[in-house]
Colleague: 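Submitted below is the structure of interest, expressed as structure tokens.
Atoms within a ligand are numbered from 1 in the order they appear, just like the ligands themselves. Since we're looking at a predicted model, the values are computed, not measured.
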Amino acid sequence: MERFEAEVYGTRLVLLRGDITVQEVEAIVNAANPDLTPGGGVSGAIHRAGGPVVTEAAARIRRERSRLPTGEAVLTPGGKLPARYVIHTVGPIWRGGTAGEAELLAKAYRSCLSLAAEHGIRTLAFPSISTGAYGYPVAQAAEVALKAVQDFLKENPGKLKEVRFVLFSSSDFQTYRAAWERVKAL
Ligand code: AR6
């Protein structure tokens with residue numbers, strides 16, 4: 001079965017293969033672009049499933065402030081999604097690994113977790129940020145992602161009930177599963 005669970009500092013960590021747009025959690029995370037336009041990939045899917053409420057709220061934020069810097073996060077309603085909120089973050093574009101990509105990717109995960117906690121959100125689902133159009137190698141991204149979550153949960157025990165990673169392919173699920181074995185031993 002393509003689902004895995006672990007208990008991490010009082011929070012349930014779940015890895016599963018699936019579609020993030022159908023997850024019944026309080027908030028799902030979008031791998032957005034700095035203009036917060038729908039785009040393709042998981043972002044296109046989230047805007048389509050959430051409908052105009054999501055796209056218009058994102059456009060309003062874009063008009064009211066400048067482009068969203070890499071690593072930062074903002075919150076919109078979830079529109080027609082089962083999730084009440086969407087947290088939009090921008091991951092780094094992979095440039096070979098020496099342009100601060102790992103730190104920026106960790107920052108994107110941290111920003112989402114902090115924003116969720118600030119809004120009293122207790123269940124949160126992430127996609128694999130940056131590993132599609134932005135080209136971040138999945139095994140490396142998985143380790144950064146899981147380490148960022150582990151660090152946050154260690155510093156904020158009990159703040160969140162569940163953090164879920166929703167991986168779109170079987171191979172990505174296996175990669176995250178293997179990465180967790182390395183990260184939990186750190
Ligand atoms: N559920 C879960 N994961 C999905 C879904 C889905 N429904 N659809 C795709 N994925 P990407 P990025 C996976 O490219 O690399 C957009 O155009 C996908 O298989 O969506 O951060 C934005 O506008 C991959 O594993 O995000 C930006 O311009 C992962 O989601 C740019 O792409 C991320 O792939 C962001 O690129």
Side-chain angles (χ1 to χ4, degrees), residues 2-4 13-52 54-59 61-62 66-74 76 78-83 85-97 99-113 123-146 148-149 162-180:
E2 291 180 308
R3 183 185 169 95
F4 168 81
L13 172 70
V14 176
L15 310 180
L16 60 87
R17 180 187 180 186
D19 178 347
I20 201 163
T21 65
V22 302
Q23 301 301 311
E24 299 193 350
V25 287
E26 287 164 63
I28 63 172
V29 171
N30 181 22
N33 59 64
D35 287 318
L36 302 172
T37 54
V42 72
S43 179
I46 289 171
H47 279 263
R48 259 194 313 282
V54 175
T55 304
E56 283 162 20
I61 291 169
R62 175 65 183 88
S66 54
R67 302 171 89 223
L68 189 64
T70 304
E72 294 190 14
V74 294
T76 69
K80 292 184 288 174
L81 290 162
Y85 301 106
V86 178
I87 293 177
H88 305 258
T89 191
V90 179
I93 296 172
W94 180 254
R95 300 185 196 281
E101 293 94 330
E103 184 43 43
L104 287 166
L105 185 60
K107 186 177 174 190
Y109 281 97
R110 277 199 303 273
S111 297
C112 294
L113 291 158
T123 55
L124 179 64
F126 284 104
S128 180
I129 298 166
S130 283
T131 66
Y134 282 0
Y136 207 121
V138 184
Q140 291 174 60
E143 218 167 293
V144 170
L146 291 165
V149 169
E162 180 177 319
V163 175
R164 196 180 287 188
F165 281 86
V166 183
L167 293 325
F168 210 40
S169 69
S170 190
S171 132
D172 285 355
F173 170 78
Q174 296 303 337
T175 302
Y176 271 71
R177 180 71 192 82
W180 174 247

Colleague: Does Ser130 come within less than 4.0 angstrom of ligand 1, counting non-hydrogen atoms of the residue?
Modeller: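 Distance cut 4.0 Å: Ser130 passes for ligand 1.
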
Colleague: Tell me whether Thr37 has any N or O atom under 3.5 angstrom from an N or O of ligand 1.
Modeller: no

Colleague: Do me a favour and list the nearest non-hydrogen protein atom to atom 16 (C) of ligand 1 with residue, atom name and distance?
Modeller: Gly40 O, 3.5 Å

Colleague: Counting only heavy atoms closer than 4.0 Å, does ligand 1 sit against the backbone of Asp172, its side chain, both, or neither?
Modeller: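 Side chain only; the backbone of Asp172 stays clear of ligand 1.
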
Colleague: Below 4.0 angstrom from a heavy atom of Gly39, which ligand 1 atoms are there? Numbered from 1 as shown, please.
Modeller: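 Matching atoms, with element in brackets: 17 (O), 23 (O).
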
Colleague: Among all protein non-hydrogen atoms, which one is nearest to atom 24 (C) of ligand 1, and what is the separation to 0.1 Å?
Modeller: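 The closest heavy atom on the protein side is Thr131 OG1, 4.0 Å.
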
Colleague: N/O to N/O below 3.5 Å, does that happen between Ala133 and ligand 1?
Modeller: yes

Colleague: Mind running salt bridge (charged side-chain N to carboxylate O under 4.0 Å, His left out) on Arg62 and Glu56 for me, showing each step along the way?
Modeller: CA-CA 10 Å; Arg62 175 65 183 88; Glu56 283 162 20; over 6 Å; no

Colleague: Please enumerate all residues that pass salt bridge (Lys or Arg N to Asp or Glu O under 4.0 Å) together with Glu2, with sequence neighbours excluded.
Modeller: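 Counting only residues at least two positions away or on another chain, Glu2 forms a salt bridge (Lys or Arg N to Asp or Glu O under 4.0 Å) with Arg17.
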
Colleague: Who's the nearest protein heavy-atom neighbour of atom 29 (C) of ligand 1, and how far?
Modeller: Ser128 O, 3.3 Å

Colleague: On a heavy-atom basis, I'd like to know which of Phe168, Tyr134, Phe126 is closest to atom 10 (N) of ligand 1.
Modeller: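 Nearest option to atom 10 (N) of ligand 1, by heavy atoms: Phe168.
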
Colleague: Taking C-beta and beyond as the side chain, do Phe165 and Val14 meet within less than 4.5 Å on heavy atoms?
Modeller: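 No - every pair of side-chain heavy atoms lies 4.5 Å or more apart.
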
Colleague: Which of the atoms of ligand 1 are close to Asp19, meaning less than 4.0 Å from one of its heavy atoms?
Modeller: 1 (N), 6 (C), 7 (N)

Colleague: Could you pull out all donor-acceptor pairs under 3.5 Å where a side-chain atom in residues 39-46 meets a protein atom, sequence neighbours excluded?
Modeller:
from, atom 1, to, atom 2, distance (Å)
Ser43, OG, Asn30, ND2, 3.3
Ser43, OG, Pro38, O, 2.6

Colleague: Ignoring hydrogens, what is the shortest heavy-atom contact between Ser111 and Gly71? Give both atom names and the distance.
Modeller: OG-O, 2.5 Å

Colleague: Going by the closest heavy atom to atom 9 (C) of ligand 1, which one wins out of Ile20, Thr89, Val42?
Modeller: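 Minimum heavy-atom distance to atom 9 (C) of ligand 1 goes to Val42.
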
Colleague: Are Val29 and Pro127 side-chain neighbours, meaning at least one heavy-atom pair lies under 4.5 Å?
Modeller: yes

Colleague: Note the single closest protein heavy atom to atom 22 (C) of ligand 1, along with its residue, its atom name and the distance in Å.
Modeller: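 Closest protein heavy atom to atom 22 (C) of ligand 1: Ala31 O, 3.8 Å.
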
Colleague: Can you confirm, on distance only, whether ligand 1 has an N/O atom lying under 3.5 Å from any N/O atom belonging to Gly135?
Modeller: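 The answer is no, given that Gly135 and ligand 1 share no N or O pair closer than 3.5 Å.
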
Colleague: Give the intermediate values and the outcome of side-chain hydrogen bond (donor to acceptor under 3.5 Å, both in side chains) for residues Thr21 and Asp19.
Modeller: CA-CA 6 Å; Thr21 65; Asp19 178 347; 2.8 Å; yes

